[in-house]
Amino acid sequence: MPGQSEVDRVPVADLGGRAMPLLGYGTHPMRGGQATEAVLAALEVGYRLVDTATRYRNEEAIGAALAQTAVPRGELFVTTKMPPDCVGIERRTLEESLTALGTDHVDLWLIHWPPGGYPGVTSWRAFAQAREEGLVRAIGVSNYSIELIDALYEATGEYPAVNQRQWGPGDYDAGYAGALAARGIVLSAHSPLRSTDLNDPVLVSVAQAHGRSVHEVVVAWNLHHGVAVTVKSAHRDRMVRNLSAAGLTLTEEEVAAIDRLGAGL
């Protein structure tokens with residue numbers, strides 16, 4: 001059974017004094033009792049970051065898990081996201097999330113999608129205000145282009161701490177990742193397996209070389225690049241397997257070979 005050693009192996013990113021685990025537990029599309037039980041199991045096996053969103057409609061179920069777990073709130077990192085159609089009611093949306101989650105703050109609050117395809121400057125200012133009031137610890141975005149991120153910065157003088165998007169070997173774009181890094185933005189990957197051919201000979205070969213699964217290799221590849229990655233499974237054994245990837249070290253040659261699986265590489 002994984003314990004504190006597994007927790008300690010997970011690398012972290014510094015979000016202005018708040019440490020964000022780079023390996024977390026994603027909760028979409030689970031709801032109700034299934035979501036509560038799954039989050040409780042994830043916390044028990046060693047996950048400390050839980051990722052949700054208003055649009056997932058499972059914040060109350062996750063709040064039930066947070067209320068039941070023996071893990072202190074101070075050791076947890078909770079992320080939620082505001083839907084783009086909530087422009088103008090940001091504060092109300094956040095308060096509803098806090099009530100559902102049963103907490104007085106979230107550790108990271110993201111704009112889920114660019115509102116109407118625009119950067120969402122008014123929402124970004126509301127996010128910054130919520131942070132100043134202590135309702136959130138860090139603020140970021142999800143599914144943003146570099147151009148939209150720069151538009152936020154030009155209007156407000158502040159970059160997001162995090163940009164979450166689908167990211168796996170099939171999505172790899174060194175230019176995009178480098179642009180985020182140059183701006184001090186942590187890239188967070190959701191659905192790392194969605195665009196990945198899990199039968200790709202490169203991934204299979206690396207997995208066999210380490211006696212691991214392809215799933216673990218994909219997680220370890222993200223961690224090697226300093227990418228925060230959320231994984232999801234309602235099955236305890238898979239939770240353990242995915243978490244164990246924090247202890248898998250890939251060679252530079254293996255990482256380069258996986259990088260080349262990205263489109264156009």
Side-chain angles (χ1 to χ4, degrees), residues 1-28 30-54 56-82 93-110 127 130-140 161-162 164 186 188-190 219 223 226 228-247:
M1 173 67 65
Q4 191 61 39
S5 61
E6 282 69 20
V7 176
D8 292 340
R9 280 206 303 252
V10 176
V12 299
D14 180 11
L15 302 186
R18 182 69 174 104
M20 180 180 77
L22 292 187
L23 178 51
Y25 187 67
T27 62
H28 178 72
M30 295 180 291
R31 295 179 186 167
Q34 182 194 33
T36 299
E37 293 303 316
V39 170
L40 281 171
L43 296 177
E44 184 176 337
V45 303
Y47 291 89
R48 292 296 176 264
L49 184 151
V50 178
D51 180 278
T52 183
T54 295
Y56 296 170
R57 292 188 287 173
N58 63 10
E59 288 176 315
E60 187 172 350
I62 290 167
L66 300 182
Q68 295 175 46
T69 183
V71 181
R73 177 64 180 91
E75 295 180 15
L76 299 176
F77 192 102
V78 180
T79 298
T80 194
K81 312 175 191 74
M82 183 198 78
T93 303
L94 175 59
E95 289 175 347
E96 290 172 353
S97 288
L98 294 176
T99 297
L101 290 165
T103 183
D104 63 0
H105 73 280
V106 291
D107 299 282
L108 178 63
W109 194 28
L110 306 177
F127 271 47
R131 184 191 56 202
E132 292 304 308
E133 295 179 30
L135 299 177
V136 302
R137 297 293 187 259
I139 56 177
V162 172
Q164 185 183 85
V186 176
S188 176
H190 72 75
V219 172
L223 296 178
V229 57
T230 56
V231 292
K232 55 190 177 185
S233 175
H235 302 281
R236 191 184 189 93
D237 59 338
R238 294 177 188 171
M239 294 179 187
V240 173
R241 178 196 65 191
N242 290 330
L243 186 63
S244 73

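The chain is numbered in sequence order, starting from 1. When reading the values below, keep in mind they use all heavy atoms of this one structure, side chains included, and skip hydrogens, waters and symmetry mates. Quantities reported herein were computed from a predicted structural model and do not represent experimental measurements.
Two residues are said to be in side-chain contact when any heavy atoms from C-beta on lie closer than 4.5 Å; Q164 and K81 meet this criterion. Taking 4.5 Å as the limit, some side-chain heavy atom of W109 sits within range of a side-chain heavy atom of T80. Residues V71 and R48 meet the side-chain proximity criterion, which asks for heavy atoms closer than 4.5 Å. In this structure, V162 and L108 have side chains that are in contact, with non-hydrogen atoms separated by less than 4.5 Å. Counting heavy atoms from C-beta outward, L243 and V10 have side chains that approach closer than 4.5 Å. Residues V39 and T69 have side chains not in contact (no heavy-atom distance under 4.5 Å, counting atoms from C-beta outward).
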Evaluation steps, side chain to side chain contact (heavy atoms under 4.5 Å, CB included), between L15 and F77: CA-CA 12 Å; L15 302 186; F77 192 102; 3.9 Å; yes
Test side chain to side chain contact (heavy atoms under 4.5 Å, CB included) applied to I62 and V78, step by step: CA-CA 10 Å; I62 290 167; V78 180; 5.7 Å; no
Residue pair M20, L49: steps toward the side chain to side chain contact (heavy atoms under 4.5 Å, CB included) verdict: CA-CA 7 Å; M20 180 180 77; L49 184 151; 3.6 Å; yes
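Enclosure of atom CD in E96 by more than 12 non-hydrogen atoms of other residues, nucleotides or ligands within 6.0 angstrom is indicated. Residue R57 qualifies as open at atom CZ: its count of foreign heavy atoms under 6.0 Å is 12 or below.
In this structure R238 satisfies the salt bridge (charged side-chain N to carboxylate O under 4.0 Å, His left out) test with no other residue, sequence neighbours excluded.
Between D51 and T27, the closest heavy-atom pair is O-OG1, 2.8 Å. Contact between A38 and Y25 at its shortest, heavy atoms only, is CB-OH, 3.4 Å. Taking all atoms of both residues into account, the shortest heavy-atom contact from V12 to P21 is CG1-CA, 4.0 Å. Nearest heavy-atom pair, L43 versus L66, reported as atom, atom and distance to 0.1 Å: CD1-CD2, 4.4 Å. For the residue pair F127 and I139, the shortest heavy atom distance occurs at O-CG2, 3.7 Å. Taking every heavy atom of both residues into account, R73 and V106 meet most closely at NH2-CA, 4.0 Å.
Taking OG1 from T103 and CG from L76, the interatomic distance works out to 9.0 Å, rounded to the nearest 0.5 Å. Annotation: the span from L40 atom CG to R236 atom CZ amounts to 10.0 Å, rounded to 0.5 Å. T99 contributes atom OG1, which lies 11.0 Å from atom CG of D104 (distance to the nearest 0.5 angstrom). Atom CE of M239 is separated from atom CD of E44 by 10.0 Å, given to the nearest 0.5 angstrom. For the atom pair CG of N242 and CG of L23, the computed distance is 7.5 Å after rounding to the nearest 0.5 Å. To the nearest 0.5 angstrom, L94 atom CG is 9.0 Å from E133 atom CD.
A donor and an acceptor atom, one from each side chain of E59 and S97, are located under 3.5 Å apart.
Side-chain N or O atoms of T36 include one that pairs as donor or acceptor with a backbone N or O of A61 at under 3.5 Å. Although no hydrogens or angles enter the test, the distance criterion places no donor-acceptor pair under 3.5 Å between the side chain of E37 and the main chain of G33.
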